[in-house]
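Some notes on the structure that comes next.
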Amino acid sequence: MTTTAGDRLVAYDELLTRYEPVIGLETHVELGTASKMFCGCATTFGAEPNTQTCPVCLGLPGSLPVANAAAIEATVRIGLALGCRIASWCRFARKNYFYPDIPKGFQTSQYDEPLCTAGHLDVEVDGETYRVEIERVHLEEDTGKNLHVGGATGRIHGADHSLVDYNRAGIPLVEIVTRPIPGTGAKAPEVARAYVTELRDILLALGVSEVRMEQGNLRSDVNTSLAPIGDLEWGTRTETKNVNSLRSVERAVRFEMRRQAAVLDAGRRVLQETRHFHEDTGTTSAGRSKEEATDYRYFPEPDLVPISPDPEWVEKLAAALPELPAARRARLRQEWGLSPTEMSWIANAGALGLVDETVAAGATPGDARKWWLGELARRANDAGVELAGLAISPRQVAELTRLVAEGTVNDQLARQALDGVLAGEGDPAQVVQARGLAVMGESDELVAAVEAAIAGAPDVVEKVRGGKVQALGALVGAVMKATRGKADAATVRRMLEQRVL
Amino acid sequence: MSTLSRDELAHLARLARLAVTDEELDLFAGQLSVVLDAVARVGEAPVDDVAPTTHAVPMTNVTRPDVVRPSLPRDVVLAGAPAAEDDRFRVPRILGEEA
C-alpha cells in the first residue's frame with residue numbers, strides 16, 4: 001500500500017501556473033423510501049444489525065425482486081429537476097463482482113440504459129456561474145456495511161476478519177454522474193463543493209432523501225485529473241471514493257491536484273486508481289486499482305421487467321415539481337431587495353431557509369438577515385454548530401425583532417433576551433418578562449433618574465440652554481448609566497428636552 | 001470462428017473465483033471455444049424483419065407499492081451463515097484474499 005506520508009505536494013498557487021484540472025463527480029443518494037428497492041424490508045437507519053433483511057435482499061435462491069414504485073418515481077423527479085431526458089424504456093442490469101457487502105454476488109444496477117440522461121446543473125462560485133453537465137441518473141441498490149475486526153483502527157487494512165450487517169443492502173440508491181468538468185481552473189475545489197451543495201439542496205427540496213451526509217445518505221466519488229496548461233488531452237484521473245462531507249469534497253480535489261502536480265513534475269505518470277480520503281489529515285491514499293468496466297460482466301437483469309415511464313405521467317411529475325433552490329433564491333432576492341452578493345452571504349451561511357421562515361413569521365427581511373448573519377452567526381460560530389443547530393426557532397427570532405421594533409427592548413437588551421432563549425428559558429417575550437429586561441417607559445423610576453441627572457449637572461444644563469444642544473448627550477449617558485441600560489435612549493432624550501429646553 | 005485464449009479464460013476464472021489448473025486451462029479454452037462457435041451460429045439467422053427481443057417476458061412496469069413488510073427474524077437469517085459474530089455475518093479477511 002502507498003502511504004500518505006511520502007506524498008510530495010506542490011503548493012496550490014504554484015501548480016496553477018503550470019497545470020489545469022478537470023473534475024467530475026459521481027454522487028450516490030440513498031432515497032428516503034419506507035421499504036427497500038426490491039423487497040418490503042424496512043430502511044430504518046440505526047436498526048439492530050441484520051433485523052431488516054429477507055430472502056430477496058439476502059440473495060437467497062428462488063427469491064424474486066419487484067421494483068419499488070416510489071423509488072422509480074423519485075428517480076424520475078430527480079432527473080426532471082436536473083433537466084434530464086427521461087428514458088421511454090430502460091432496464092436494470094447485473095453488475096457482477098464478489099465483495100462481502102453484496103450478498104447476491106452482483107449489484108442490481110443500471111448500465112447502458114439509465115432512467116435519466118443528459119441534464120445539467122448550474123452552480124455559482126464567487127459570482128461566476130459554472131454549468132455542470134449531468135451525464136446520467138440511474139437507480140440501483142445500496143450495499144451492506146462491513147465492520148473490520150482485528151486491525152489497529154477498525155480499518156480494513158490489517159483486519160483479521162470482518163462482520164457484515166445487511167440492513168442497508170437493497171436500500172434504493174440513485175447515482176448521479178456528471179460529465180467531466182473542464183475550465184474551472186483555480187476554482188475546481190470550490191466548484192466541486194458548490195455542485196454537491198446545490199445537488200443536496202435540490203434533493204432536499206424534492207423531499208426524496210434526508211440527504212444526511214454524516215449518515216451516508218449522500219456520498220460523492222470525486223474524480224480529479226491534471227494536465228499541463230494548453231494540452232489538448234486531459235490527464236489521467238483518480239477517483240477518490242466515498243467523500244462524505246461538503247468540506248471534504250473541496251479538500252479532496254485540492255489535495256489530489258497538489259499530489260498529482262508533484263507526480264507530473266517528477267516526470268512520472270498519474271496512476272488511474274481509486275483513492276481513499278482521510279478526514280483527519282485531509283489526504284488521500286491509494287486503494288485498489290480500477291477494475292475495467294468489462295470485468296463487471298454487466299448483463300440485463302432477467303428477474304426484473306423493463307421500466308417504461310408513461311410520458312403523460314412524466315409530464316405530470318414535471319408539472320408538480322416544487323420550486324427548486326435556484327428559482328427560490330432568485331425569487332427571495334427580488335422580494336427582499338438584496339444584491340447578488342448579499343444574497344450569497346445568506347446562502348453561504350446556510351441561512352436562506354431560516355431567514356425565509358423568520359420573514360414568514362413576521363420579521364422584516366432586513367431584521368431577519370441582521371439577526372441570523374450577525375448575532376446568531378456569532379453564537380453558532382462560538383458554539384461550533386450550524387446556524388440551524390442553535391436552540392432558537394425562526395418564529396422566536398421574529399418575536400425578538402418585533403420586541404425591538406415595538407420598543408419593548410433595545411438591541412442590547414434583546415441580546416440578553418437571546419441568551420435566555422438559547423438557555424432554554426422560553427420565548428423572547430417570556431424571557432424579557434422573567435429577567436425584567438423591558439426598557440423603562442416614562443415610569444416614576446425613570447422620571448426620578450432624569451430629574452436627578454438634571455439636578456446633578458447644573459453646568460451642563462446651562463450649556464444646553466445656552467444653545468449647545470449636543471451637550472445633552474452627557475445627561476442621556478448619565479441616565480442610561482443610572483438605569484443600567486434598561487432605559488430607551490430616545491425616550492430619555494425626549495424627556496430631558498422637555499425639562500431642560 | 002471465435003476462440004478463447006488461455007489468458008482470457010484465466011481472467012474469467014479469476015473473476016468468478018474459480019481455481020483452474022494449467023491443464024484445465026488448455027482443456028476448457030478449447031471446449032469453450034467450441035461452445036462459443038455453436039452459440040455464434042445464432043447470428044446467422046435471418047432476423048431482418050424480426051423485432052428485437054428485449055426480455056423473455058413481454059411486460060413492463062411491474063412494481064410494488066412502497067410498503068414495509070415483515071423481515072426475517074435475525075436468528076433465522078444468521079442460522080444460514082457459515083459463521084456469525086455479534087449479530088453479524090462473519091467473513092474471512094477481505095484484503096489479501098485475491099490471488
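Taking CZ of B:Arg64 as the reference point, atom NZ of A:Lys36 lies at 11.0 Å (rounded to 0.5 Å). The CG atom of A:Asp165 sits 11.5 Å away from atom CG of B:Asp86, with the distance rounded to the nearest 0.5 Å.
Proximity to chain B is limited to the side chain of A:Asn146, based on heavy atoms less than 4.5 angstrom apart. Residue A:Pro302 touches chain B through its backbone alone, counting heavy-atom pairs closer than 4.5 Å. Interface remark: A:Cys39 contributes backbone atoms only to the contact with chain B (heavy atom separation under 4.5 Å). For a residue to count as touching a neighbouring chain, one of its non-hydrogen atoms must lie under 4.5 Å from one of that chain's; by this rule A:Phe38 touches chain B with the backbone only. B:Val91 touches chain A through backbone and side chain together, each having a heavy atom under 4.5 Å away. Contact of A:Glu113 with chain B is not made at all, since no heavy-atom distance falls under 4.5 Å. The part of A:Leu58 that comes within reach of chain B is its side chain, from C-beta onward, which places non-hydrogen atoms under 4.5 angstrom from that chain. With a 4.5 angstrom heavy-atom cutoff, A:Pro300 does not touch chain B via any of its atoms. Of the two parts of A:Ile72, only the side chain, counted from C-beta on, holds a non-hydrogen atom closer than 4.5 Å to a non-hydrogen atom of chain B.
The number of heavy-atom neighbours closer than 6.0 Å to CZ of B:Arg6, taken from other residues, nucleotides and ligands shown, is above 12.
Residues satisfying the side chain to side chain contact (heavy atoms under 4.5 Å, CB included) test with A:Ala74, not counting sequence neighbours, are A:Leu31, A:Val208.
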Run A:Asn68 and B:Asp66 through side chain to side chain contact (heavy atoms under 4.5 Å, CB included) and show every step you take.
CA-CA 6 Å; A:Asn68 184 333; B:Asp66 183 26; 3.1 Å; yes
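When each of A:Ser308, A:Pro65, A:Cys54, A:Gly144 is scored by its heavy-atom pairs under 4.5 Å with chain B, the top score falls to A:Ser308. With chain B as partner, the option from A:Cys41, A:Ala70, A:Ala34 having the largest number of non-hydrogen pairs under 4.5 angstrom is A:Ala34. The most heavy-atom pairs under 4.5 Å with chain B, out of A:Ser162, A:Cys57, A:Pro100, come from A:Ser162. Most heavy-atom pairs under 4.5 Å with chain B: of the set A:Pro103, A:Ala42, A:Ala67, this distinction falls to A:Ala67. Ranked by heavy-atom pairs shorter than 4.5 Å toward chain A, the options B:Glu85, B:Arg90, B:Met59 are led by B:Arg90. Highest contact tally toward chain B, considering only A:Ile307, A:Asp160, A:Leu60, A:Asn96, is held by A:Asp160 [criterion: heavy-atom pairs under 4.5 Å].
Considering every non-hydrogen atom in both A:Val66 and B:Thr63, the closest pair reads CG1-C, 3.7 Å. Of all heavy-atom pairs between B:Asn61 and A:Pro309, the closest is OD1-N, 4.4 Å. In this structure, B:Arg17 and A:Phe98 approach most closely via the heavy-atom pair CG-CD1, 3.5 Å. Taking all atoms of both residues into account, the shortest heavy-atom contact from A:Thr51 to B:Ser71 is O-CB, 3.5 Å. Among all heavy-atom pairs drawn from A:Arg297 and B:Leu12, the shortest one is CD-CD2, 4.3 Å.
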